[in-house]
Amino acid sequence: MTITHGGNLFAISRERGWDWREVLDLSASINPLGPAPGVRPAIEAALERISHYPGQMPGELEAALAAEWRVAPHQVMAGGGATELLHFVARAGWNGPSALVTPVWSEFYRAFPHALRLPMDDPERWPQRGLLVLSQPVNPTGAEVPVEILRRAIAGREGPVLIDESFIEFTRTESAVWWTEHHPNLLVLRSLSKFYALPGLRVGAIVGSSEWMERLNRRREPWQVSTLAEAAALAAIADREHAERTREVVETERRWLLEELSGLYGLHFAPGVANFLFAETDRPAKEICDWFLDRKIILRNCTRLPGVAGEAIRFAVRTRPENERFVQAAKEFFCAPQE
């Protein structure tokens with residue numbers, strides 16, 4: 001399958017000759033409030049250190065993440081984004097059989113190209129051996145996987161489990177990072193791109209048991225997190241007020257979007273908890289995405305992703321002015337007569 005991603009704001013803007021600042025990118029679901037206020041000063045203060053090597057391992061960041069997630073520092077490995085860490089695990093941490101519970105983030109298909117693909121709604125079919133990959137909440141639908149299903153999958157398996165929690169900070173869902181020390185077969189992937197709005201700096205982390213981390217650290221290459229990225233991440237996770245305000249804004253704006261869009265013809269929204277909305281569509285998703293793109297609004301076409309039935313789109317929850325811009329365009333498109 002062809003691997004595609006959202007967040008192609010700059011490439012699309014260059015191709016069309018647009019100022020990227022005029023484009024509303026709803027294909028990448030990033031914190032609508034942007035980075036915490038302390039991130040920019042932290043980057044500026046760290047500039048005087050860029051002529052020196054950072055630490056081979058980002059110990060200060062790993063300790064801060066461990067404190068934030070209430071796990072031991074040796075259980076955390078920080079890296080150059082969730083993508084880098086995912087491929088590191090696939091390359092250095094596991095070379096046996098694997099299974100993806102679909103739908104799941106598209107990069108997993110590249111990391112595990114020969115994996116079985118199994119439906120999310122039939123846990124009885126999930127294999128007991130080999131690596132099992134899931135996401136919480138589900139990407140791209142935003143659905144919340146019942147905690148009891150995850151616990152059962154972890155406790156009853158002979159093989160390891162990798163859970164992608166890239167969007168979990170936007171939710172009130174219980175994180176699996178707190179289970180890692182008691183489940184040697186569990187790994188949890190976390191991103192600092194989405195909730196902390198740092199995609200341009202590439203920071204992520206993986207959390208696991210002492211056994212898993214010892215195994216991964218033996219193969220880990222040095223200098224995976226830059227000086228500026230570590231400084232920004234430390235400032236971002238330290239701002240609890242910004243984090244809580246983000247959750248409140250996303251919850252409010254998500255409800256508002258659903259209220260405004262739920263009556264439109266041809267849009268069928270799936271239940272979800274994340275900072276994006278997923279909808280099956282009566283009209284071709286490509287037609288919808290192309291129409292919005294002509295109006296400088298980028299949506300995510302989810303059609304033909306494994307685990308997604310039929311035509312479907314996804315779009316991010318943003319600030320009220322940005323959401324109003326999208327809703328105005330959506331009402332024009334979905335209320336217009338079909339040709």
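Being a predicted model, the structure only gives us computed values, none of them experimental.
For Y196, there are no ring-ring contact (aromatic ring centres under 6.0 Å, His included) partners at least two apart in sequence or on another chain. Residues meeting the ring-ring contact (aromatic ring centres under 6.0 Å, His included) test with F326, sequence neighbours left out: F292, F315. Considering only residues two or more places apart in sequence or on other chains, N217 meets the side chain to side chain donor-acceptor pair (under 3.5 Å) condition with none of them. Here E221 pairs with R91 under the salt bridge (Lys or Arg N to Asp or Glu O under 4.0 Å) rule; sequence neighbours left out. In terms of the salt bridge (Lys or Arg N to Asp or Glu O under 4.0 Å) criterion, D121 has no residue partners (sequence neighbours excluded). E165 pairs by the salt bridge (Lys or Arg N to Asp or Glu O under 4.0 Å) definition with R190, not counting sequence neighbours. D19 meets the salt bridge (Lys or Arg N to Asp or Glu O under 4.0 Å) test with R21; sequence neighbours excluded. Not counting sequence neighbours, the partners of F10 by the ring-ring contact (aromatic ring centres under 6.0 Å, His included) test are W20.
Residue pairs satisfying the ring pair (Phe, Tyr, Trp, His ring centres under 6.0 Å) criterion with at least one member in residues 228-264, sequence neighbours excluded, are absent. For residues 124-149, the set of pairs meeting the salt bridge (Lys or Arg N to Asp or Glu O under 4.0 Å) definition, not counting sequence neighbours, comprises R129-E158. Within the structure, every pair that satisfies the ring pair (Phe, Tyr, Trp, His ring centres under 6.0 Å) test and touches residues 141-195, not counting sequence neighbours, is listed here: F167-F276, F170-F195.
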Pairs under 3.5 angstrom only: tabulate donor-acceptor contacts from the side chains of residues 53-71 to other protein residues two or more places apart or in another chain.
residue, atom, partner, partner atom, Å
E62, OE2, A78, N, 3.0
E68, OE1, R240, NE, 3.0
E68, OE1, R240, NH2, 3.1

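Taking a cutoff of 4.0 Å between a charged side-chain nitrogen and a carboxylate oxygen, R110 and E107 qualify as a salt bridge. With respect to the salt-bridge test (charged N to carboxylate O, under 4.0 angstrom), the residues K194 and E169 do not qualify. Using a 4.0 Å cut-off between charged nitrogen and carboxylate oxygen, E84 and R220 count as a salt-bridge pair. The pair E244-R172 meets the salt-bridge criterion, since a charged nitrogen lies less than 4.0 angstrom from a carboxylate oxygen.
Once rounded to the nearest 0.5 Å, the distance linking CZ of F278 with CD1 of I313 reads 9.0 Å. A distance of 10.0 Å separates CG in L100 from OG in S135, rounded to the nearest 0.5 Å.
Judged purely by distance below 3.5 Å, without hydrogens or angles, the side chains of E181 and S209 never pair a donor atom with an acceptor atom. No donor-acceptor contact under 3.5 angstrom links the side chains of N275 and R318, judged on distance only.
No cation-pi contact links R295 to F333, judged by a cut-off of 6.0 Å to the six-membered ring centre and 45° from its axis.
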